[in-house]
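Remember, it's a predicted structure, so these values are computed and weren't measured experimentally. A note on names: the letters A, B, ... follow the listed sequences, proteins ahead of strands, and every chain is numbered from 1.
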Amino acid sequence: MDFELSADQEALRDGIAELLAGRFGIERVRACENLPGAVDRERWRELGEAGVFALRLPEADGGLDLGLVDAAVVFEELGAALVPGPLVWSEVCAGVVGGAADGSTVVGGVSAQVGDRVVIEHLGGIDALARVGSERVARLEPGDVTAEPLARPLDPLTPVSLVEALPEGDPLALAPARARRDGAVLCAAYLVGMARAMAASGVVYALEREQFDRPIGSFQSIKHLLADAAVRVEMARASVHAAALHVDDPELGDVRRAVAGSKHLAGEAAIANARTALQVHGGMGFTWEVDVHLYLKRAWVLDTVFGSADEHADAVAACLSSFPLA
Amino acid sequence: MDFELSADQEALRDGIAELLAGRFGIERVRACENLPGAVDRERWRELGEAGVFALRLPEADGGLDLGLVDAAVVFEELGAALVPGPLVWSEVCAGVVGGAADGSTVVGGVSAQVGDRVVIEHLGGIDALARVGSERVARLEPGDVTAEPLARPLDPLTPVSLVEALPEGDPLALAPARARRDGAVLCAAYLVGMARAMAASGVVYALEREQFDRPIGSFQSIKHLLADAAVRVEMARASVHAAALHVDDPELGDVRRAVAGSKHLAGEAAIANARTALQVHGGMGFTWEVDVHLYLKRAWVLDTVFGSADEHADAVAACLSSFPLA
Amino acid sequence: MDLRYTDADEAFRAELRSWLESTLQDLPAPPARDDWAERRRYDTDWQRRLHDAGYAGLNWPERVGGRAASPSEQLIFLEETTRARAPYVGVNFVGTLHAGPTLIAEASEEQQERYLPSILRGDEVWCQGFSEPTAGSDLASLRTKAVRDGDEYVVNGQKIWCSFAQVADFCELLVRTDPEAKKQAGITWLILPMDSPGIEIRPIDTVAGSSEFAEVFLGDVRVPVANRVGDENDGWRITQVTFSFERGTAFVSELVDARRLANELAVLARRAPRMEGSAWDDATVRRELGHIVAELDALWALTKRNVSQAERTGSPGPGSMMIKLAYSEARQRLGELSLRVLDRAALAFSDDLLSGADELLEERLRTLALTIAAGTSQIQRNIIAERVLGLPRK
Amino acid sequence: MDLRYTDADEAFRAELRSWLESTLQDLPAPPARDDWAERRRYDTDWQRRLHDAGYAGLNWPERVGGRAASPSEQLIFLEETTRARAPYVGVNFVGTLHAGPTLIAEASEEQQERYLPSILRGDEVWCQGFSEPTAGSDLASLRTKAVRDGDEYVVNGQKIWCSFAQVADFCELLVRTDPEAKKQAGITWLILPMDSPGIEIRPIDTVAGSSEFAEVFLGDVRVPVANRVGDENDGWRITQVTFSFERGTAFVSELVDARRLANELAVLARRAPRMEGSAWDDATVRRELGHIVAELDALWALTKRNVSQAERTGSPGPGSMMIKLAYSEARQRLGELSLRVLDRAALAFSDDLLSGADELLEERLRTLALTIAAGTSQIQRNIIAERVLGLPRK
């Protein structure tokens, strides 16, 4: 048992963090608002070349044969940097959609339809759309989808379109349950990165902002907000890593419970930490100029995919035994 | 519109507070643990003589012809002093059970039965038992109830018995809905008094207890706990007074919503403020010697009668219109 | 204790209702969010209508053109106008609710005559120049400097969160006139004409997009000494007297509106689809909404208590501070619940996804400011603990 | 990263499980709650069994009779004994987990030889004399005074929250030896024999009734200087070294237990009657329990992370502080949820009302101490903010 990152995993983390610092600084991320589907296709390919989508593929397919936990390490960094686009869908489909692995094909996705209005993210920036149904995952061509872009998306970096009708598409060699499960864990990892970035941003501001002749971080109420934020990050990260290991090795325990718990906690952590950062930033947190709102809005968006925090809490409860434990 | 206490109401409040300070100091309250049913029958009669149970009766019946809000003012004081016994049941039944009004008859009660085990409070100290069914309220004689006292009640001042079988009893001239509604408001008023006492107790201790060379009440985290406690008291009290006025004058608005909201908020306030007082008292709050635990346990007990905080929140939601408001 | 209004109050309400009914149907459609010139025109037109009907300056003394209404009439006015969805006070906010009351309490007779009537008539618009980038919660640490030069002050500095600065005629401006004094003791209250040379206005975009807020940069702006309200260096005291005009009614519109929105959420939840049934079938949604509504109802009752106290004593007591704190949190919880109910219908500001969704979403973003603006919830708790409960500052 | 245990770890676990299985069935029934003599006998008997089987002092060095087990073996030991519902460490708590480790780190060779073996064998029982009525969160302000008189210290003062003082042979005692020095600098660590003249013990009743806690009054108690651990006035530093022995495992038993209880609550909720159906039909109960379980699972994972870090570096890092804070709150939420589920079955400590209810109720009361004892949650947050996040003290 060694639940710390291995040296390889630390190198992976540091490598992707370095790449993102150079290529996806927050100014560049913000600039994606003006790209079709908010996808920076050039840098998407760079992510692909760096292996972001191919970590879990067999070496024969150009992958690194790594596990879901390694992918989670990478996705935490992507979330901390707030890289826009359907990253999770592209990773999950990397083995079954040609070009997804190296980033030359951008794959978006849509989950089970609720109600009669379907909303799809990033439609203008993708080459393929994975549709996860109850029986199968199908590949749709974005050009075949009749959709109307909506003028003011909640998250400026997650453009959305309202779909009139979805064609059937062609089946992919990917089980729906697997897409949902891996998607939930990777999305949770991304949310952990966001929660971490927000906790850190709150600390930085609390150290530099002075009121009443002292840094606001010296006030207990601010300290306590930030201490709770830090705890949420550590708990959510441990939960995500455990879930990823459970997926790759189901003998460790109840995979459903581990996965549901991780998305639940990561979603709550990202939202709560963005709220904390906003409160700590005071009036500045309420401005468009400060990045906090971008994280808050993204956290809200990501709570609507791969199962909400509410749904996953229910799923955890459903995993509890109806008999006393031995 | 004048939502402040009238001069008469202030006098009523001060009078009962003075009576309670003299006759139901916390030492005397604690001593009730050793009386049958934890009812101090002698002082119960004094409460009766002071009009605690008869406020709302017509003058012809020896009452003062006052409203439910006046009774709520009195019950807040009873709650602040933590006077034990079936006070609410006795007030609600004062018009229909002989001797209840002047305190010579102590009336207990039991609400709709859930499951096959019925628990009754204060059975050893009462002369009559009101049973609220779906169709009617019946009067039972405690001697006819086969019950087994339980050795360790949660609240030492609320002894409970497990009932084997409940006889039918004789119908009382009291509608079940009225008993539940007035009982909820009076119980809520009592809970407001408890919440107020706990908020005050936290403030007193925070001023006197020093750590790190200053009163702990000078630390922001303690201040904020106590500020929230104070807000809960004001909100719950306003809610209870509004509910009482709605009961007496249904034209004011939705009585069910007002009543449900008051019991919900008062119950939550009493529990939360006792928790706050316990936390502020630190280790001392965890001792039997300090009174805080008596309030906490009573608040838990009172959340199980006349509808729980949960049930009343559901009831408030059920009152919301299913159409947009005009 | 009585929640029934007097016959006189009910007559006031009836008259107001009937006026609102006839007036609102004639009103033009409200202008676009970002069209500031139109918004000024629309809001001041509404103020003029109020004025002509005798509803402007409801709580102002008769000697300055007000109606000297009672606190309960003030409550009724706010309740009825909000219920009827009459135009919001808008660009007249600072003039009618903040600068005006301050002038009434502290300005000279000449100043009152010059400025108050045109506020009431909607002829002139005011903005507020209090906060600075480095003076937020700690407002008294403000640095914008005014140096006396003959009959003028020369002002240099920067203000932030000035609502409607882009359309204002005047600004109630706090400046530092004595840099040596203890921070509260060196502040002066000035009337700044917004057409003075040296003023630069930069709009602030908020989380909700473009907004009524602006930064105001002041470079060698000359303000006549005659525009000073009260004594030099007495400005801090002057800022503290303003709020007594609220007389417990500060959150009436907000509470009327929040209770309406809570009901709309209950309506909308029944239309928000889930895998099975609707969001209203989720018991956790109903219970949370029940809790929030119970709180909003209690705050509504507490408002009536404060108004009653103001009616009796002239001051609403500490309840107002508590309402600010508790309302902010209840409203934000309502916003969070809205997002849970909307689910993917919250992904865009669009009525096409679920009708009514866009209003809830806009609300959600705007109400993020509630626990920050006009005193963060942290500061509010400090104040309640210190001023109401008597806990020591240090 | 790997959650699988090594073959050696699994062998350790298998051996332990089989020992537990055979040993636990022979164990007598646990004594009554208030029978202290019997409780001492029962707990020390269990300690002796652990000792004889080679499981005592699992994490102690071999030179003092320990097993020098790895952090992960320590984790497995705590996990398996708690799962098997083996006796709790009980009266051996202070000796094995606090005083013993302190002696190992700081005591002289003679002291170690005198005291450590009898702790491991369950021959001698220790209690803790740290807190005082006026020194809780601010422990360093303690006032119990020790004045040197030849080869002895003369001790006067009062201690509180001394667990198992009524059955202890020794007390790890913090005293003030230099009243002039800065408060942390004047403290000394003494071994106090509990049969010394001048000691009065007064049991403390808690919210849960009679308890293992006591107040200890010290009147002219003479303690040999030879019983001092470390240097005079170096006691504060000594209290800070103790916790390194936990190596990330501090809350293993608690978490194993809390996860079991959460499951039992799910079982019990299906039997808790409601007007219609059971408490388990209430979606708000299920969702809240799901949330709590997700947190407990995360804390279990975080525990493994801390243990791994301790395995690598010898220190569990800041995760331990976070676990204390988050566990306390999750456990209290579980307790609150239990009461909601029990409803009127919570009105007495009785299994007759709903089977399993009494354990949950006892738990609810005992866990009220979690956010207070060993550092209030307020203090924990300060520490995390200052030591982990680097926020300024003032």
Side-chain angles (χ1 to χ4, degrees), chain B residues 1-6 9 67 69-70 73 199 203 206-207 214-215 217-218 220 222-224 226-228 230-232 234-239 241-246 249 251-253 257-258 260-262 264-265 268 309-310 312-326, chain C residues 1-6 9 72 75 83 259-260 262-267 270 280 283 285-291 293-295 297-309 311-312 318-319 321-323 325-326 356 377-378 380-386 388-394:
Chain B
M1 201 267 303
D2 182 1
F3 196 48
E4 289 270 88
L5 293 186
S6 68
Q9 286 163 336
V69 74
D70 305 279
V73 167
V203 169
L207 284 167
R214 44 196 268 211
S218 67
Q220 255 189 1
I222 302 292
K223 282 182 185 172
H224 290 193
L226 292 170
D228 286 339
V231 172
R232 281 190 287 263
E234 296 304 320
M235 286 174 67
R237 183 191 286 125
S239 172
H241 288 172
L245 292 173
H246 276 69
D249 182 1
E251 284 186 24
L252 285 171
R257 172 166 160 173
S262 73
H264 171 78
L265 291 179
E268 294 219 323
D310 283 351
H312 283 300
D314 294 347
V316 171
C319 292
L320 295 173
S321 165
S322 54
F323 299 97
L325 297 177
Chain C
M1 194 184 291
D2 191 0
L3 277 173
R4 290 232 173 194
Y5 290 89
T6 61
D9 281 345
S72 64
L75 169 73
R83 279 228 172 105
R259 294 168 91 213
R260 176 184 62 80
N263 198 84
E264 288 191 8
L265 185 58
V267 175
R270 291 176 170 93
W280 193 245
V285 167
R286 297 197 305 272
R287 188 163 296 167
E288 171 72 358
L289 187 58
H291 171 81
V293 168
E295 292 200 326
D297 286 355
L299 290 168
W300 183 234
L302 196 52
T303 297
K304 293 184 176 173
R305 171 141 301 155
N306 293 344
V307 167
S308 302
Q309 196 173 339
E311 196 106 42
R312 285 195 192 186
M321 278 181 266
M322 295 188 178
I323 288 177
L325 178 63
S377 292
Q378 284 72 33
Q380 295 296 120
R381 288 193 181 90
N382 287 349
I383 293 176
I384 291 168
E386 290 164 15
V388 185
L389 308 182
L391 293 172
R393 290 205 58 178
K394 295 250 162 165

If I compare all heavy atoms of C/Arg381 with all of B/Ala227, which pair ends up nearest, and what's the gap? O-CB, 3.6 Å

Part of C/Glu386 lying under 4.5 Å from any heavy atom of chain B: side chain

Max heavy-atom pair count under 4.5 Å with chain C, selected residue of B/Val316, B/Asp2, B/Val231: B/Asp2

So, the part of B/Gln9 with a heavy atom under 4.5 Å from chain C: the answer is side chain

Taking atom types as modelled and ignoring hydrogens, do the side chains of C/Asn382 and B/His224 form a donor-acceptor contact shorter than 3.5 angstrom? yes

Quick one: of B/Gly67, B/Ala230, B/Ala206, B/Pro215, who has the most non-hydrogen atom pairs under 4.5 Å with chain C? B/Ala230

Proximity breakdown for C/Ile383 and chain B, heavy-atom pairs closer than 4.5 Å: neither

CZ-CG distance between C/Arg287 and B/Asp310, expressed to the nearest 0.5 angstrom: 4.0 Å

If one checks every heavy atom of B/Leu5 against chain C at 4.5 Å, the contacting part turns out to be both

I need the minimum non-hydrogen distance between C/Lys394 and B/Arg214, along with the two atoms involved. C-NE, 4.2 Å

Hey, which of C/Val388, C/Leu289, C/Val293, C/Val307 has the most heavy atom pairs under 4.5 Å with chain B? C/Val293

Heavy-atom pairs under 4.5 Å with chain B - which of C/Ile323, C/Asp297, C/Ile384, C/Asp9 has more of them than the others? C/Asp297

Please classify the contact of B/Asp249 with chain C as side chain, backbone, both or neither, using a heavy-atom distance under 4.5 Å. side chain

Closest non-hydrogen contact found for B/Gly217 with B/Ile222 is CA-CG2, 4.1 Å

Turns out that what part of B/His312 lies under 4.5 Å from chain C's heavy atoms comes down to neither

Using the side chain to side chain donor-acceptor pair (under 3.5 Å) criterion, which residues pair with B/Ser321? Sequence neighbours excluded. none

Measure distances from B/Leu226 to the heavy atoms of chain C and classify the residue's part below 4.5 Å as side chain, backbone, both or neither. both

Checked B/Ser6, B/Ser218, B/Cys319, B/Gly261 vs chain C; the most non-hydrogen pairs under 4.5 Å come from B/Ser218

Where C/Arg286 and C/Trp280 come nearest, the two heavy atoms and their spacing: NH1-O, 2.7 Å

Between the CE atom in B/Met235 and the CZ atom in C/Arg305, the distance rounded to the nearest 0.5 Å is 13.0 Å

Is B/Val203 in contact with chain C via its backbone, its side chain, both, or neither, using a 4.5 Å heavy-atom distance? both

Just checking, any donor-acceptor pair under 3.5 angstrom between side chains of C/Ser377 and C/Gln380? no

May I ask you to name which of C/Glu288, C/Gln309, C/Glu311, C/Glu264 has the most heavy-atom pairs under 4.5 Å with chain B? C/Gln309

Flag the one option from C/Lys304, C/Arg259, C/Arg270, C/Arg312 with the top tally of heavy-atom pairs under 4.5 Å to chain B. C/Arg312

Do you know which of C/Thr6, C/Asn306, C/Leu302 has the most heavy-atom pairs with chain B at a distance under 4.5 angstrom? C/Leu302

In terms of heavy-atom contacts, B/Ser262 and B/Ser239 come closest through CA-OG, 3.1 Å

Which one of C/Met322, C/His291, C/Arg4 has the most heavy-atom pairs closer than 4.5 Å to chain B? C/Arg4

C/Leu3 and B/Phe3: which non-hydrogen atoms are nearest, and at how many Å? CD2-CD1, 3.6 Å

Check each atom of B/Leu320 against the heavy atoms of chain C and say whether the ones under 4.5 Å are side chain, backbone, both or neither. both

